[in-house]
Amino acid sequence: MRSKKNIEFAALAVVLVMALGAAVSYWMDRSTTVLVHELRMELEQQQRVDNILDALRDAETGQRGFIITGNEVFLEPWQHARQTLPAAIREAKDKAGSDVEQAKLWRIARLAELKLAELDETIAIRRGEGFAQTEKLVSSMRGKATMDELRRLVAARQARTDARRKVLRTEMLAASRRSFTVSLAATLINICVFGALLVVMARMLRERRETALQLEHKAAQLAGAVELGTRQNRELRIVAEMLRAVEAMPSSLDTGAVVARGFGKLLPGAGGTFFALDSGDAGTLRQLSRWGDASAQPSEMTLDDCWALQHRAHYKTSGCDGPSCAHYRSHGGDGKGGMRLCVPLVTHDELVGLVHLEGLAREADAREQQEQLAVTVAEQLALALGNARLRESLRRQSVLDPLTGLFNRRYFDETLRRELARSRRMASPLSLVVLDVDHFKCVNDGFGHAAGDAVLRAIAQLVRQSIRYCDVACRYGGEELVILMPDCAQPDAARRAEALRADIAGAPPMNDGAGPDAITASFGVAEFPLHGPDADSLFRAADQAMYRAKREGRNRVVLAAQP
Ligand SMILES: Nc1nc2c(ncn2[C@@H]2O[C@H](COP(=O)(O)OP(=O)(O)OP(=O)(O)O)[C@@H](O)[C@H]2O)c(=O)[nH]1
């Protein structure tokens with residue numbers, strides 16, 4: 001704003017200086033023109049006077065020639081003078097400027113007229129009276145006196161004119177010098193004002209350039225912020241989706257694909273491997289997924305295989321610069337994948353897994369961003385995995401019997417109803433085996449409750465080993481166990497119950513020998529819908545068969561009777 005005012009002021013100053021310069025030049029030129037005009041007039045007037053004198057001289061010379069010779073030819077200059085002089089004298093009088101000049105010219109004109117009259121007279125006498133009379137008149141010196149006076153006046157006038165010319169020339173020179181000085185001053189002032197104008201304009205341009213640069217910088221910052229915001233929103237969305245999917249998984253061990261997809265989207269150029277802590281073994285991590293161009297990794301690893309797992313802190317290494325973790329080194333990691341990063345998944349001081357990333361950006365800033373993102377996401381993922389594991393644990397606790405690890409009675413009741421409905425729908429058989437440990441009271445009484453518990457755990461282990469994947473074994477209560485066998489008819493169920501009975505009876509002394517030498521169990525087997533159309537009747541049939549086995553001597557398998 002200030003610069004704009006300065007420019008306007010400078011432009012106004014330039015216009016004023018130029019107008020002033022033009023006015024001064026015009027005035028000086030005008031005064032010089034007047035001087036030149038005056039000089040020219042002076043010279044012309046002098047020329048007129050000289051011409052009058054010359055004409056009179058010529059006429060006088062012709063008169064002398066005529067007087068001496070009497071030849072009329074000599075009178076030609078006189079005749080010419082008679083014709084031209086009156087007009088020339090008139091003109092000279094008319095052109096006289098000042099009163100003094102006019103008076104002097106009047107005097108010259110008068111003398112010229114007197115001289116002309118004297119010439120006329122002498123010529124007339126010569127013609128009429130001859131040479132002698134004329135000589136008398138000439139000898140009177142009247143004509144000479146007039147001519148001398150005339151010459152003196154013309155010479156004086158010439159001297160005045162010369163002096164005046166000198167003065168005029170001096171004035172013209174002074175005017176020319178003044179004009180030059182004024183022009184020079186105007187030019188210098190214009191140069192200064194133009195210079196100032198240029199400085200102001202240059203400053204203004206610089207300010208505008210700086211403002212434009214600042215605006216550009218701000219625009220770039222804004223664009224960067226928008227881009228950052230967009231990227232962070234996208235990352236947040238991906239992370240939120242991944243965490244939601246992890247939480248929706250029935251087991252933390254099913255989260256491999258979800259984590260691979262999430263990290264693949266978050267770090268597009270990087271490959272990776274995801275390990276989760278084995279739910280059964282706190283010292284082992286299982287590989288659940290691999291994505292991108294990740295190198296082969298072991299399917300299982302221990303805490304000793306990874307620096308990050310041992311120290312519960314992320315560990316970064318590149319190419320061959322630092323010592324690689326054993327899980328990478330031992331599985332063909334060749335160091336070509338650029339920067340690698342092991343991020344342990346830790347929540348509430350509990351290790352739940354590990355994310356191993358490879359092929360991170362080579363450029364330091366981009367890699368730093370990737371690393372921060374990976375660590376932040378790993379914290380969230382660890383929390384989600386921890387929650388999933390907690391949920392699994394709670395779910396397990398709610399359906400599992402803590403002593404034997406078999407399902408509890410509540411789970412059995414739910415499963416029996418579900419399996420009955422499925423059998424009905426599929427028209428497939430469903431067998432139920434009820435198992436009761438024989439003389440268990442004697443074990444407790446004889447060896448103590450701890451021994452009794454150990455016997456129950458050992459029998460549960462034998463049950464787990466003997467059943468199929470789809471069978472469900474539960475502790476129904478006390479020393480009574482039940483096994484639900486989908487798609488299994490009574491004869492098959494009886495055969496498998498018999499095999500289990502034999503395994504229990506033939507098992508070595510339980511509780512490390514601090515228990516009974518041998519243990520047996522009685523079994524009852526019933527089949528749906530053969531021995532009962534619903535859960536209660538089916539269970540009752542199998543239970544009654546088991547009691548019959550007890551009554552018939554224990555350590556045996558008894559089939560439910562046909563209703
Ligand atoms: N150690 C231990 N004992 C249990 C547990 N649950 C029930 N018992 C005991 O198991 C015994 C069951 O005894 P009974 O019902 O008389 O049957 P039994 O001695 O096995 O005799 P039969 O069934 O007729 O062969 C009781 O003494 C209960 O206290 C348990 O979780 N641990």
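All values reported here derive from a predicted model rather than from experimental measurement. First listed ligand is number 1; within each ligand, the first listed atom is number 1. Side chains included, hydrogens not; waters and symmetry mates left out as well; all remaining heavy atoms used.
Salt-bridge annotation for Arg422 and Asp487: present, with a side-chain N of the basic residue lying under 4.0 Å from a carboxylate O of the acidic one. Note on Glu498 versus Arg501: salt bridge recorded, some NZ/NE/NH1/NH2 to OD/OE distance being below 4.0 Å. By the 4.0 Å N-to-carboxylate-O rule, Arg231 lies close enough to Glu235 to be salt-bridged with it.
For ligand 1, the atoms lying closer than 4.0 Å to a non-hydrogen atom of Asp436 are 23 (O). Close contacts of ligand 1 with Leu456, meaning ligand atoms under 4.0 Å from a residue heavy atom, involve 30 (C), 31 (O), 32 (N). Near Gly452, the atoms of ligand 1 lying under 4.0 angstrom from a non-hydrogen atom of the residue are 1 (N).
Distance from atom 19 (O) of ligand 1 to its nearest protein heavy atom, with residue and atom name: Lys441 N, 2.8 Å. Scanning the protein for heavy atoms near atom 23 (O) of ligand 1, the closest one is Lys550 NZ, 2.8 Å. When only non-hydrogen protein atoms are considered, atom 30 (C) of ligand 1 lies nearest to Arg475 NH2, 3.3 Å. In terms of protein heavy atoms, atom 25 (O) of ligand 1 is closest to His439 N, 2.7 Å. Nearest non-hydrogen protein atom to atom 32 (N) of ligand 1 is Asp453 OD1, 2.8 Å. Protein heavy atom closest to atom 12 (C) of ligand 1, with residue, atom name and distance, is Glu479 OE2, 3.5 Å. Scanning the protein heavy atoms around atom 6 (N) of ligand 1, the nearest turns out to be Gly478 CA, 3.2 Å. For atom 3 (N) of ligand 1, the closest non-hydrogen atom of the protein is Asn444 ND2, 2.7 Å.
Across all non-hydrogen atoms, the minimal contact from Thr284 to Glu300 is CG2-OE1, 3.8 Å.
Gln397 and Ser393 form a side-chain donor-acceptor contact under 3.5 Å, judged by distance and modelled atom types alone.
Remark: ligand 1 and Phe440 share an N or O pair separated by less than 3.5 Å (distance only, no angle test). At least one N/O-N/O distance between Arg554 and ligand 1 falls below 3.5 Å. Distances between N or O atoms of Val437 and those of ligand 1 include at least one value under 3.5 Å.
The distance between the ring centers of Phe412 and Tyr476 falls below 6.0 angstrom.
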Donor-acceptor contacts, no H, no angles, side chain residues 219-230, under 3.5 Å, sequence neighbours left out:
| unit_1 | atom_1 | unit_2 | atom_2 | d |
| --- | --- | --- | --- | --- |
| Gln221 | NE2 | His217 | NE2 | 3.4 |
| Thr230 | OG1 | Val226 | O | 2.6 |

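Around CZ of Arg312, the count of heavy atoms belonging to other residues, nucleotides or ligands within 6.0 Å exceeds 12. Around atom CG of Asp413, more than 12 heavy atoms belonging to other residues, nucleotides or ligands sit under 6.0 Å away.
The closest approach between any non-hydrogen atom of Arg457 and ligand 1 is not below 4.0 Å.
Residue pairs meeting the salt bridge (charged side-chain N to carboxylate O under 4.0 Å, His left out) criterion with at least one partner in residues 530-549, sequence neighbours excluded, are Arg548-Glu552.
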